[in-house]
2 protein chains.
Amino acid sequence: MKKISQTEENYLKAIFSVSESKGKAASTNEISKEIQISAASVTDMFKRLSEKGLIDYKKHKGVKLTEKGNQHATKLVRKHRLWEVFLVEKLNFDWGEVHDIAEELEHINSDELINRLDKYLDYPKFDPHGDPIPDADGIFEIRSQILLSELDLEKTGIVVGVQEHAPAFLEYLDRMKLGLGSSITILEKFDFDQSLRVKIEKKELTLTAKVAQNLFIQTKEK
Amino acid sequence: MKKISQTEENYLKAIFSVSESKGKAASTNEISKEIQISAASVTDMFKRLSEKGLIDYKKHKGVKLTEKGNQHATKLVRKHRLWEVFLVEKLNFDWGEVHDIAEELEHINSDELINRLDKYLDYPKFDPHGDPIPDADGIFEIRSQILLSELDLEKTGIVVGVQEHAPAFLEYLDRMKLGLGSSITILEKFDFDQSLRVKIEKKELTLTAKVAQNLFIQTKEK
DNA sequence: ATTAATTTTTAGGTTAGTCTAAAAATAAAA
DNA sequence: TTTTATTTTTAGACTAACCTAAAAATTAAT
């Protein structure tokens, strides 16, 4: 078995995230946009990854991860998210600052390392953004969650994750003192722009539709 | 300022360690042996590092790190050793297992990360092998130390480091329950093979000259 | 069902980092 | 001080990972 390079790993991650969110094969152009590399180069890499048995590739038909490719991509996600937990929990980074560093750390190659880190962090199930962390067997814990924008009037929910990961959004949440675990109650909904009047802990404030559509929450009733 | 690649970093480290131990310019062949790459490739890289102002290179004269190159190499040493402390202290790795992983981790690029890690580890001055860790300004703490082989009869010393880092040697020390902080008293010296009869904590045992020449110790009378 | 637009692939080129083999320079030995 | 040995450099080639421009295939639109 040959080694998988960092570059190849980045493609695997991109294919994983694109075909996971779209639910089907990832196209050359989608990957090209995802990782900002020319479509021609992406085609090149598709051939190489296919050679290595990491993806299924037929010309003009897009690509899908093979079992092997999927396992590897899942491990990368696991590493990335565990490192994020480490950076936030142990080194006190803000949740908006950790992505780029974890992007480098995820390529460190040692199963022993990652499993010890997992133990050291006490086997976290979710990262600082609320994204699930696959366990050593690649199993993700599934959580019932809805978007804040789908929560009914006068109901209360707990923030468990974010859909959008852009630093600007995360910094906004920090400024609003909104983080994982925050309790939000819908006081009023404004139809004309879908903005919401909400109560967070003690304070009342207004959230735009954009914000409400990017916050995952969990409600009491299962 | 262009980025310094991982490959280039490996050359800088090799040049640093060769010219530090030899006390002078590092030759093409020395670096070639150190990192197991052909002399021709080393010459190539010397040209590139020279272009970037990281080394001084004159044909057939060997190379020396510039101030800039030295700073970068020192930072790599700092990162490597801090990660080793992390792996041993926090993740409970044995001291023989950490080198390869730290070799990867040292290339992670973030001053913020390394300084927070330093703080998290409580600003250690020495790594698990007793090697000094430069501070954020690149300053190494100097310690008065001698080799166990130089210690006089009936004198006692404390193990503070190792000269040889080979896994086999470190595993041997583990098996002998010899580590940093162990107290050793010389009971007898055998001239014919330079072996030593010593007392370590409560037990008496014999150490070969090879072992005695690779253990750094510190004595009371500074 | 053609034509037009878009997507994907091919062709050909570049750079970093490696190699081997041969040439040139330096160092060691006779 | 010549000759011999060693070290270093040059020359020429290769692979991985990128690029642009053009060709081919697919998809969408008239």
Side-chain angles (χ1 to χ4, degrees), chain A residues 1-15 18-19 21-22 24-65 69 72-73 76 103-104 106-107 109, chain B residues 1-15 18-19 21-22 24-65 69 72-73 76 103-104 106-107 109:
Chain A
M1 307 223 169
K2 264 164 238 138
K3 253 188 228 116
I4 300 176
S5 73
Q6 286 201 197
T7 308
E8 289 167 333
E9 289 190 331
N10 289 334
Y11 278 89
L12 289 180
K13 278 223 314 174
I15 295 165
V18 165
S19 57
S21 67
K22 297 288 190 301
K24 49 186 355 180
S27 75
T28 305
N29 254 9
E30 284 168 333
I31 299 304
S32 169
K33 269 165 208 146
E34 178 84 5
I35 57 179
Q36 309 274 45
I37 282 172
S38 76
S41 301
V42 172
T43 299
D44 265 14
M45 184 56 90
F46 280 180
K47 288 178 192 162
R48 256 177 285 147
L49 293 175
S50 180
E51 283 294 311
K52 294 197 181 183
L54 295 164
I55 61 174
D56 284 325
Y57 168 57
K58 297 270 164 48
K59 280 186 199 175
H60 298 102
K61 299 291 176 192
V63 297
K64 269 184 55 190
L65 294 173
H72 199 89
L76 287 169
E103 204 74 7
E104 292 191 49
E106 75 192 2
H107 297 294
N109 241 322
Chain B
M1 307 222 169
K2 262 164 237 137
K3 249 186 231 118
I4 300 175
S5 74
Q6 285 200 199
T7 308
E8 290 167 332
E9 289 190 332
N10 288 335
Y11 278 89
L12 289 181
K13 279 224 311 176
I15 295 166
V18 165
S19 57
S21 68
K22 297 286 190 305
K24 47 185 358 180
S27 75
T28 305
N29 254 9
E30 284 169 332
I31 299 304
S32 169
K33 269 166 207 145
E34 177 85 3
I35 58 179
Q36 310 274 45
I37 282 173
S38 77
S41 302
V42 172
T43 299
D44 265 14
M45 184 56 89
F46 280 179
K47 288 177 193 163
R48 256 177 284 147
L49 293 175
S50 181
E51 283 295 312
K52 294 197 181 183
L54 294 163
I55 61 175
D56 284 326
Y57 169 58
K58 296 271 164 49
K59 281 186 197 175
H60 299 101
K61 299 292 174 191
V63 297
K64 268 185 55 189
L65 294 174
H72 199 88
L76 287 169
E103 204 74 7
E104 293 191 50
E106 76 193 2
H107 297 293
N109 240 321

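Every chain is numbered from 1 and lettered A, B, ... according to where its sequence line falls, protein lines coming before strand lines. When reading the values below, keep in mind they use all heavy atoms of this one structure, side chains included, and skip hydrogens, waters and symmetry mates.
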Nearest-angstrom distance from the residue atom [atom1] of [X] to [atom2] of [N]:
| X | N | atom1 | atom2 | result |
| --- | --- | --- | --- | --- |
| Leu54(A) | dA16(D) | CG | P | 14 Å |
| Ile31(A) | dA17(D) | CD1 | C1' | 16 Å |
| Lys61(A) | dA24(D) | NZ | P | 19 Å |
| Tyr57(B) | dA25(C) | OH | P | 13 Å |
| Glu51(B) | dA16(C) | CD | C1' | 14 Å |
| Gln6(A) | dC18(D) | CD | P | 11 Å |
| Glu34(B) | dT7(D) | CD | C1' | 18 Å |
| Asn10(A) | dA17(D) | CG | P | 11 Å |

Worksheet item: Can you tell which of dT18(C), dA17(D), dT9(C) lies closest to the side chain of Lys59(A)?
Response: dT9(C)
Worksheet item: Nearest to the side chain of Lys47(A), which nucleotide is it out of dT10(D), dT10(C), dA17(D)?
Response: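 Given the options dT10(D), dT10(C), dA17(D), the side chain of Lys47(A) is closest to dT10(C).
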[X] side chain N/O closer than 4.0 Å to the phosphate oxygens (OP1, OP2) of [N]?
| X | N | result |
| --- | --- | --- |
| Ser5(B) | dA16(C) | no |
| Tyr11(B) | dT18(C) | yes |
| Arg48(A) | dA16(D) | no |

With a 4.5 Å cut-off on side-chain heavy atoms, are [Y] and [X] touching?
| X | Y | value |
| --- | --- | --- |
| Ile4(A) | Tyr11(A) | no |
| Thr28(B) | Tyr57(B) | no |
| Glu106(A) | Glu9(A) | no |
| Glu8(B) | Lys52(B) | yes |
| His107(A) | Asn10(A) | yes |

Discussion item. Run Glu30(A) and Lys24(A) through salt bridge (charged side-chain N to carboxylate O under 4.0 Å, His left out) and show every step you take.
Written reply: CA-CA 12 Å; Glu30(A) 284 168 333; Lys24(A) 49 186 355 180; over 6 Å; no
Worksheet item: Looking across every strand, which nucleic acid part, if any, lies under 4.0 Å from Thr7(A) by heavy atom: base, sugar-phosphate, or nothing?
Response: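 The residue Thr7(A) makes sugar-phosphate contact but no base contact.
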Worksheet entry | Touch class at under 4.0 angstrom, heavy-atom based, for Phe46(B) against every strand present |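 Answer is nothing: Phe46(B) stays at 4.0 Å or more from every strand.
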Worksheet item: Just by protein heavy atoms under 4.0 Å, how would nucleotides 2-7 of chain C read 5' to 3' in B, S and -?
Response: -----S
With 3.5 Å as the limit, what N/O pairs link the protein to nucleotides 19-23 of chain C?
{"residue": "dC19(C)", "atom": "OP2", "partner": "Ser38(B)", "partner atom": "N", "Å": "3.0"}
{"residue": "dC19(C)", "atom": "OP2", "partner": "Ser38(B)", "partner atom": "OG", "Å": "2.9"}
{"residue": "dC19(C)", "atom": "OP2", "partner": "Ser41(B)", "partner atom": "OG", "Å": "2.8"}

Worksheet item: Would you say Ser32(B)'s side chain and Ile37(B)'s backbone share a donor-acceptor pair under 3.5 angstrom?
Response: yes
Worksheet item: Got a donor-acceptor contact below 3.5 angstrom from the Glu104(A) side chain to the Asn109(B) backbone?
Response: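 Here the side-chain-to-backbone pair exists.
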Worksheet item: Who passes side-chain contact (heavy atoms from CB on, under 4.5 Å) against Ala25(B), sequence neighbours left out?
Response: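 Testing Ala25(B) for side-chain contact (heavy atoms from CB on, under 4.5 Å), a comparison that skips the adjacent residues, returns Lys64(B).
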Item to complete: Look at atom CD of Gln6(A) and say whether more than 12 heavy atoms of other residues, nucleotides or ligands are closer to it than 6.0 Å.
Response: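 Above 12, so yes.
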